[in-house]
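Below you'll find the structure, written out as structure tokens, and then a few comments.
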2 protein chains.
Amino acid sequence: MEIIGLDNLPLIRDGDDLVEIISSALKEKGIALKNNDIVAVTEKIVAKAEGRLVDLDKVKPSRRAVVLGRKTEKDPRIVELILRESKEILAVGKNFIIVETKQGFICANAGVDQSNVEKGKAKLLPRNPDRSAKRIRKGLEEKIGKKIGVIIADSFGRPFRYGTVGIAIGASGIKALWDRRGDKDLFGRELQITRVAVADCLASAANMVMGEAKEKIPIAIIRGLNFSGSGKARDLIRKKREDVFR
Amino acid sequence: MEIIGLDNLPLIRDGDDLVEIISSALKEKGIALKNNDIVAVTEKIVAKAEGRLVDLDKVKPSRRAVVLGRKTEKDPRIVELILRESKEILAVGKNFIIVETKQGFICANAGVDQSNVEKGKAKLLPRNPDRSAKRIRKGLEEKIGKKIGVIIADSFGRPFRYGTVGIAIGASGIKALWDRRGDKDLFGRELQITRVAVADCLASAANMVMGEAKEKIPIAIIRGLNFSGSGKARDLIRKKREDVFR
């Protein structure tokens, strides 16, 4: 397995065609995608290309956002965006609000983020990242005539452990959740671990190459595995009633 | 970044010298470790080499284990081992007991596992995996004269999302938790994500190469990154009082 980062993309703006931009960057580096390659795209450039930057001056915080802003010591306009992006608030503390986003992700601040965006703006998560992944995959496949996978990688914190790990918020053309029920171990016994979060593991792997100031290396090509399939990142979202921690 | 799996190790037994076995396997493949290489070792072979296999016939379940076994539909002898390995029970359900282990990990069944072990036996987690990682690192470094890192990789489930991801239960010679507080983004603003769980991300990456029936490829060499440092996997364990989900 090999992961190749691309550091030669321009700054992405609203309306940019990521398929065009990724293929140009690959061409410039002399990299030809192969069958089963997986293209990891950082969430930030997808959000930017899809116009998910918000001008904070235009956000009018609700009363609820003002109260919650005081409680969390966060800018009430940011809190307003978090509330708009969320289905449910799970936990609140100094400088964080952990929510379930409208897309179903459990994360801090609904993914509303001011890193790597111009001052006075905030970035929201892509509205439907599985759809974004599919569009990018289809676009690249059409250009190059190979079957590839695409993941849209973000970094989330988690319970029980410090530090962020990679999370695939979007995926297309891969076995995002690898179901191994029925597979046998070395001694012919059925495996106790039955489902592997392949898309999240790949996002973590890609993050190691992309770093955190991800606009410098917003794309990573994962090569040498075969996880082609028809999964989506949505498959990884645990149903609330199947979650003992909710 | 490149990850090279080793599939040429013998079945590991109690008392085996992993340093010796890993260096022979590397030599056989013609792979020379370089400075900053990270050797990922699957937890299973560490546990086996350290004699952490238990003969189930010799386990006498306590009354508590019998009751909990009935409730979870688990073998009471397995439950007995889980209780012995645990500090606290967090959640219980059909066929699972989520605990905090004596080492401080939150995981299902305290890592007591019957996959890839002979019938009638169960495998416990290494007693002190950071120490195991350090011993393997020191041993390999002495043999080869390079500075490397070692992680001991396991697979855990997690709240909110389906599927297992890689978890470093042991680490040595690497920046296990990468503290980026104060680092700046592309626009000179301080990063909002401040700590990256490097060791867990690397474990997830290695797992993609090792697969799940991990004794076939129990070792993976991660090359091309520079995360050398003095971290431990213990650094990744969130303190209970800093965990809003406990």
Side-chain angles (χ1 to χ4, degrees), chain A residues 1-5 11 90-91 93 98 105-106 109 113-119 155 158-167 177-178 180 183-187 189-193 195-198 200-202 204-205 207-209 212-213 215-216 225 227 235-238 243-246, chain B residues 1-5 11 90-91 93 98 105-106 109 113-119 155 158-167 177-178 180 183-187 189-193 195-198 200-202 204-205 207-209 212-213 215-216 225 227 235-238 243-246:
Chain A
M1 168 186 179
E2 194 188 359
I3 305 188
I4 309 153
L11 274 184
L90 275 77
I98 298 170
F105 307 123
I106 311 280
N109 307 321
D113 188 2
Q114 292 175 276
S115 308
N116 291 307
V117 299
E118 298 136 72
K119 211 162 171 265
S155 295
R158 61 230 162 117
F160 315 147
R161 296 176 73 77
Y162 293 122
T164 58
V165 290
I167 293 287
L177 183 64
W178 182 19
R180 305 201 60 196
D183 282 12
K184 300 287 196 299
D185 71 8
L186 288 177
F187 295 88
R189 179 198 286 271
E190 280 204 11
L191 289 180
Q192 293 193 293
I193 283 175
R195 292 196 293 182
V196 181
V198 165
D200 286 344
C201 290
L202 294 175
S204 279
N207 276 0
M208 292 292 92
V209 171
E212 276 308 316
E215 290 236 347
K216 287 176 193 159
L225 301 172
F227 283 115
D235 306 338
L236 292 163
I237 298 176
R238 193 185 283 272
D243 198 329
V244 293
F245 293 98
R246 292 189 68 188
Chain B
M1 167 188 181
E2 193 187 0
I3 305 187
I4 309 153
L11 273 186
L90 276 77
I98 298 171
F105 306 123
I106 312 280
N109 307 321
D113 189 2
Q114 293 175 275
S115 308
N116 292 306
V117 299
E118 297 137 73
K119 213 162 171 269
S155 294
R158 60 228 162 118
F160 314 149
R161 296 177 72 78
Y162 293 121
T164 58
V165 291
I167 293 288
L177 184 64
W178 182 20
R180 306 203 58 197
D183 282 11
K184 300 287 197 299
D185 71 8
L186 289 177
F187 295 90
R189 178 198 287 271
E190 279 202 12
L191 288 181
Q192 293 193 292
I193 284 175
R195 292 197 292 185
V196 181
V198 166
D200 285 345
C201 289
L202 294 175
S204 281
N207 275 359
M208 292 292 91
V209 171
E212 276 308 316
E215 289 235 347
K216 287 177 194 159
L225 301 173
F227 283 113
D235 306 338
L236 292 165
I237 298 176
R238 192 185 283 274
D243 198 330
V244 293
F245 292 98
R246 291 188 69 188

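Chain letters run A, B, ... following the sequence lines, proteins first and then strands; every chain starts at 1.
- Remark: of the listed residues B:Asp200, B:Val196, B:Val198, B:Val196 is the sole one forming a side chain to side chain contact (heavy atoms under 4.5 Å, CB included) with A:Thr164.
- When heavy atoms are compared at a cutoff of 4.5 Å, A:Leu177 approaches chain B solely by way of its side chain, counted from C-beta outward.
- With rounding to the nearest 0.5 Å, the separation of CG in A:Leu236 from CZ in B:Arg158 is 6.5 Å.
- What you find for B:Phe160 and A:Phe245 is that their closest heavy atoms are CE2-O, 4.4 Å.
- Within the 4.5 angstrom heavy-atom criterion, only side-chain atoms of B:Ile98, from C-beta onward, approach chain A.
- Between chain B and the residues A:Gly5, A:Ala205, A:Gly163, the most heavy-atom pairs under 4.5 angstrom are made by A:Gly163.
- Of the atoms belonging to A:Val165, heavy atoms from both backbone and side chain fall under 4.5 Å from chain B.
- Interface residue A:Arg246: only side-chain heavy atoms are found under 4.5 Å from chain B.
- Taking both residues in full, the closest heavy atoms of A:Arg238 and B:Arg161 are given as NH2-O, 3.3 Å, listed atom of the first, atom of the second, then distance.
- For the residue pair B:Gly166 and A:Cys201, the shortest heavy atom distance occurs at N-SG, 4.0 Å.
- Contacts of B:Ile3 with chain A are made by both backbone and side-chain atoms, with heavy-atom separations under 4.5 Å.
- When side chains are defined from C-beta on, B:Asp235 does not count as touching A:Tyr162, because their heavy atoms never get closer than 4.5 Å.
- With a 4.5 Å cut-off on non-hydrogen atoms, A:Ile237 touches chain B through its backbone and its side chain both.
- By the 4.5 Å heavy-atom criterion applied to side chains, B:Met208 and A:Met1 are counted as neighbours.
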